[in-house]
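The figures that follow rest on heavy atoms only: side chains count, while hydrogens, waters and symmetry mates do not. Letters go in sequence order (proteins before strands), and every chain restarts at 1. Given the structure is predicted, the values throughout are model-derived calculations rather than measurements.
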Amino acid sequence: MNASPAPLAPTRAPSLHATGMRKVFGELVALDDVELHVRAGTVHALLGENGAGKSTLVKCIMGFYRQDAGTVRLDGEEVHVRSPKDAQAAGIGMVYQHFTLVPSLTAAENLVVARADAPAIIDWGKERAKLQAFMARMPFRVPLDVPVADLSAGEKQKLEILKLLALDQRFLILDEPTSVLTPDEADEVLGLLGRMAHEGQITVLMITHKFREVSAYADDVTVLRRGALAGSGPALSLGVERLSRLMIGETTLRARAERRPVDGDTVLELAGLFAHHPDGSEAFHGINLKVREGEIVGIAGVSGNGQSALVEALAGQRPLSDGRIFIRGEPFEPKRDAYHRFKVFGLPEEPLKNAAVPRMSVAENIAFRSFDRPPISGAGGWMSLRPLRQRAQELIERYRVKTPSPDTPIEHLSGGNVQRAILARELSGDVDVLVVANPCFGLDFASVAEIRAQIMDARNRGAAVLLVSEDLDEILELADRVAVMSEGRIDYVAPIGETDRTTIGKHMAAHGP
Amino acid sequence: MDLTDSALFTVLVAMLGGAIRVSTPFLFVAVGECLTEKSGRINLGLEGNLVLGAMVAYATSFHTGEPWLGVLAAGVSGIFLGLIHGTLCSLPRVNDIAVGIAMMAFGTGLAFYFGRPYIQPPAPLLPSIPLGNWTGIPSLQRALEINPLFFVGIAVALLMSWFFRSTRWGLIVRTTGDSAPAAKAMGVNVDLVRILATASGGFLAGVGGSFLSLYYPGSWNEGLSSGQGLMAVALVIFARWDPIRCIWAAFLFGAAGAIGPAFQAIGITQGFYFFNAAPYILTLFILASSARSRSSAREAPGELSIVK
């Protein structure tokens, strides 16, 4: 290769044009002749389902992958980016979904070590003065001397963006920037970036799958579907209806299940639950919540506020330090026979990790709740495999799990199909209590619609459902009542008809006393 | 009354002197391990570095008549073992704990194999600096005869603390140890940083070994080290990955190791073996208590295989 090195970073917002982008992984065509035109000084949304090719496209631009065909032009000039370092030199920076900050370093140390020209010996007096002068020019601030591990998710996100701005990166790529932010924090961060873009300081490319963010913040939008360009244009001219059509194509989604009124008795009661993290800090504090028969209670909150610890505690993966769980007035210990007796079922987040044994077959995984009871378990502890396979076969058909055979290891299935197989196991019987955590994370629209409908069906059959979700839209769609969890506490519970996105968002950001 | 006072005094002085002597190899191994662990690797094989270093130092001093050359050669042998460990662990799916145990056996085996001819002949030892002449008390004078390596060890610990805080390379090592993805996103070659950190840590452990054979106890034999290299790993956890706290921790371990000989000095021989076991009991106690400590969990480098 004798192509010229990447040009020096521009000092004003650049435009970016990627044309004819193609990338093939083995059999899979991840990108097929995709175009992306980002005008200088705009916020551009890159919209698409999981697996549509958004991250492949961005990774080619960032130099993680080398595209098989296609060119990238920055301000009209072709750039050859072979590594993230080249991208940095060209002024292209990215904020990843998973933070790239170093947890044990302070904000100041993180900002200094990220610089390619950081001095070999650091004069902290001088550096600190420089950083403070830089912070004073920025629209948002972050404490400099606190280890990053102690910052909130919102502050970390801001620090990631500040890091890129400090490096003079003028083309910012944000990967699902609002997934860890409260609605208010998202409004603040995206609003400020939008203002900087319109002043001509930066250009922003934002990966998202949320229509709301597209209509609220983006100037232009490009939609990808299955590795190909589905459409693009000004955000204002493309309505939500049109965008969703572009995103999901002609697939018909399962219609939303009908909602029956709630009038049952209390089934699940959490009474003053406390638990700690392994490092001794508090995971959640004094959780009181009641779920009635045929009711979905949604727990909203930004990731990392104790929700996953609560689900772990209900699943018996984490000991409670105080409090009791009652089901129909009887104390409940999260143990296997109690699950069976009280008919408690669950769908934890990341089911492949938390609810399946990846290398065991689909049929075996489906039998986890039933293998030690008749008809599979016979006299003398012997298992008979025929009913196990028969049952699996039935459920695979009923829940439309796409698998080559019941004997395929479950880890070979796609995320949506793993989720369906686990749902089949957990929902096929008589369900009294269902605990669900982020059931649709990372799934395509068809699976999402299917799984939400299944949850609604379980509710309508009389199950008490506790739904923990970081996706506020999911909670607004499914829940009968909303509880908001923030810093390990639940201080706000309201029926869905008496609350709205803004109120919930305020409580998501609330800090405990 | 006077007798117990002087007995107590004798024990304390013997423990002080012993702590200074015994702590020096601990200090070198611990500071070396601290550097390696800060980069995200655990090298359990430093016991091998220590023993090989002791043998190489003794042999070099015997042949050249120059003990300080022996110290340097011991360091180089440590680099050699560290490079092997670092490189092996950079291969995909290779576990650093398993490699460490293999390297421990390899290092000691190598030392015993090549060290056989050096068990008998005496080699020139390292000199010490008499710092206690002003006291006029013979026992205190003996305790304050201090080997320069002790001060070198303290200087290295202070230097390393400064290195981690105020140099670009120091921040890069900490970044690599805490979050390999972050380091990669910065364009840092994570494996290279870890190999270099393991090699440098190996150097320091080798120097620690030279102290054993060239100063205290001051001879080469196969029972020279009694697990100091392994205990130093526990010591790093106890010091919560801070080189300066490593100094205090090494001193504590040194003092514990000096309890047995100190009691022997005043004629208490009962429980001698029990007192000699003090450092090992301390190690067990420290590992059990620090595993439950919250601050230890917070300060552990995020990439360490025992923490993940």
Original post:
Do other residues, nucleotides or ligands put more than 12 heavy atoms under 6.0 Å from the CH2 atom of W169(B)?
Top reply: no
Subject >> Interchain contact, D150(A) with chain B, by part (heavy-atom threshold 4.5 Å) >> reply: side chain
Original post:
Would you call R240(B) and D242(B) a salt bridge, using N to O less than 4.0 angstrom?
Top reply: no
**OP:** Could you look at A118(A) and say if it's the side chain, the backbone, both or neither that has a heavy atom under 4.5 Å from chain B?
**Re:** both
Original post:
Got a sec, which residues hit side-chain hydrogen bond (donor to acceptor under 3.5 Å, both in side chains) with D96(B), two or more places apart in sequence or on another chain?
Top reply: S305(B)
Original post:
Are side-chain heavy atoms of I92(A) and I61(A) found at a separation under 4.5 Å?
Top reply: yes
Show me the side-chain donor-acceptor pairs of residues 149-160 of chain B shorter than 3.5 Å, one per line, residues at least two apart or across chains.
none

For residues 77-89 of chain B, tabulate all N or O donor-acceptor pairs below 3.5 Å that involve a side-chain atom, not counting sequence neighbours.
{"from": "S77(B)", "atom 1": "OG", "to": "A74(B)", "atom 2": "O", "distance (Å)": "2.7"}
{"from": "T87(B)", "atom 1": "OG1", "to": "L83(B)", "atom 2": "O", "distance (Å)": "2.5"}

**OP:** Give me the contact list for residues 27-43 of chain B versus chain A, heavy atoms only, anything under 4.5 Å, ordered by residue number.
**Re:** none
Subject >> Side-chain touch L105(A)/D178(B), heavy atoms, less than 4.5 angstrom >> reply: no
**OP:** Give a yes or no on whether a salt bridge exists between R165(B) and E109(A), defined as a side-chain N under 4.0 angstrom from a carboxylate O.
**Re:** no
Original post:
Side chain, backbone, both or neither: which part of S104(A) has an atom under 4.5 Å from a heavy atom of chain B?
Top reply: both
Subject >> Top contributor to chain B contacts, counting heavy-atom pairs under 4.5 Å, from A114(A), P147(A), P103(A), P84(A) >> reply: P103(A)
